[in-house]
Peer 1: 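What follows is a single structure, and I will ask about it in a moment.
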Amino acid sequence: MKMNVYLQIDELILDGFPTAYKDQIAPIVQRELTRVFAERGMPSAFSQNIDLGNLDSGSFNLPPNVSADAVGVHVARAIAKNIYGGHSR
């Protein structure tokens, strides 16, 4: 059964990135999280409309000149790992 997933990210805080880069990363994070939720199913905590408040993806090191797409996917998977309490795909 196909599931409809609606995800809204009100604010994404990324330290150490230029503002223009942050604007590119946010929709990539949203797209990747939507993909992960659709693929893995919604976490049980999401059984109803909820406000998660703050989710911390932790800190990480990336190589210089990494693309916005790669950063967005990395951030989304770190958030998903936090939500699912294990591995993200």
Side-chain angles (χ1 to χ4, degrees):
M1 174 186 192
K2 188 171 180 173
M3 176 188 310
N4 290 325
V5 176
Y6 172 75
L7 175 67
Q8 178 177 336
I9 298 173
D10 291 324
E11 182 178 26
L12 180 64
I13 300 171
L14 298 169
D15 290 328
F17 294 95
T19 301
Y21 208 60
K22 291 179 187 182
D23 293 340
Q24 294 172 17
I25 294 169
I28 297 165
V29 171
Q30 187 163 329
R31 181 191 72 218
E32 179 65 10
L33 279 173
T34 300
R35 185 198 66 76
V36 169
F37 294 157
E39 179 182 292
R40 294 190 64 185
M42 294 303 287
S44 59
F46 289 14
S47 61
Q48 47 192 286
N49 290 336
I50 59 169
D51 178 358
L52 293 177
N54 296 326
L55 289 175
D56 187 352
S57 66
S59 62
F60 46 87
N61 294 312
L62 296 169
N65 302 319
V66 67
S67 71
D69 193 59
V71 174
V73 168
H74 183 87
V75 170
R77 290 181 180 172
I79 292 169
K81 183 176 178 182
N82 187 327
I83 292 169
Y84 285 103
H87 298 291
S88 64
R89 293 185 211 164

Peer 1: Tell me whether V66 shares a hydrophobic cluster with I28, the cluster being built from Ile, Leu, Val, Met, Phe, Trp, Tyr side chains joined at under 4.5 Å.
Peer 2: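 In one cluster: no.
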Peer 1: Sorted by first residue and then second, give each salt bridge (charged side-chain N to carboxylate O under 4.0 Å, His left out) pair with at least one member in residues 58-68; sequence neighbours left out.
Peer 2: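 Qualifying pairs: none.
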Peer 1: V36 and A80: which non-hydrogen atoms are nearest, and at how many Å?
Peer 2: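 Heavy-atom minimum between the residues: CG1-CB, 3.9 Å.
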Peer 1: Taking atom CZ of F37 and atom CD of E32, what is their separation to the nearest 0.5 Å?
Peer 2: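 With rounding to 0.5 Å, CZ (F37) is 10.5 Å from CD (E32).
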Peer 1: Listed by chain and number, what are the salt bridge (Lys or Arg N to Asp or Glu O under 4.0 Å) partners of D69, not counting sequence neighbours?
Peer 2: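 Partners of D69 by the salt bridge (Lys or Arg N to Asp or Glu O under 4.0 Å) criterion, ordered by chain and then number, come out as R31.
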Peer 1: About how many Å separate CD1 of I25 and NE2 of H74, when rounded to the nearest 0.5 Å?
Peer 2: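 Going from NE2 on H74 over to CD1 on I25, the span is 11.0 Å.
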Peer 1: Who passes side-chain contact (heavy atoms from CB on, under 4.5 Å) against A26, sequence neighbours left out?
Peer 2: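 Listed in chain order: L12.
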Peer 1: When rounded to the nearest 0.5 angstrom, what distance separates CZ in R35 from CZ in R40?
Peer 2: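 That separation rounds to 10.0 Å.
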Peer 1: Treat each ILVMFWY residue as a node, draw an edge where side-chain heavy atoms are under 4.5 Å apart, and state whether V75 and I13 are in one component.
Peer 2: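 No; tracing contacts between hydrophobic side chains, which count when under 4.5 Å, never links both residues.
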Peer 1: Apply the test side-chain contact (heavy atoms from CB on, under 4.5 Å) to residues L14 and Y21: give CA-CA distance (whole Å), side-chain angles for both, the deciding distance (0.1 Å), then the verdict.
Peer 2: CA-CA 10 Å; L14 298 169; Y21 208 60; over 6 Å; no
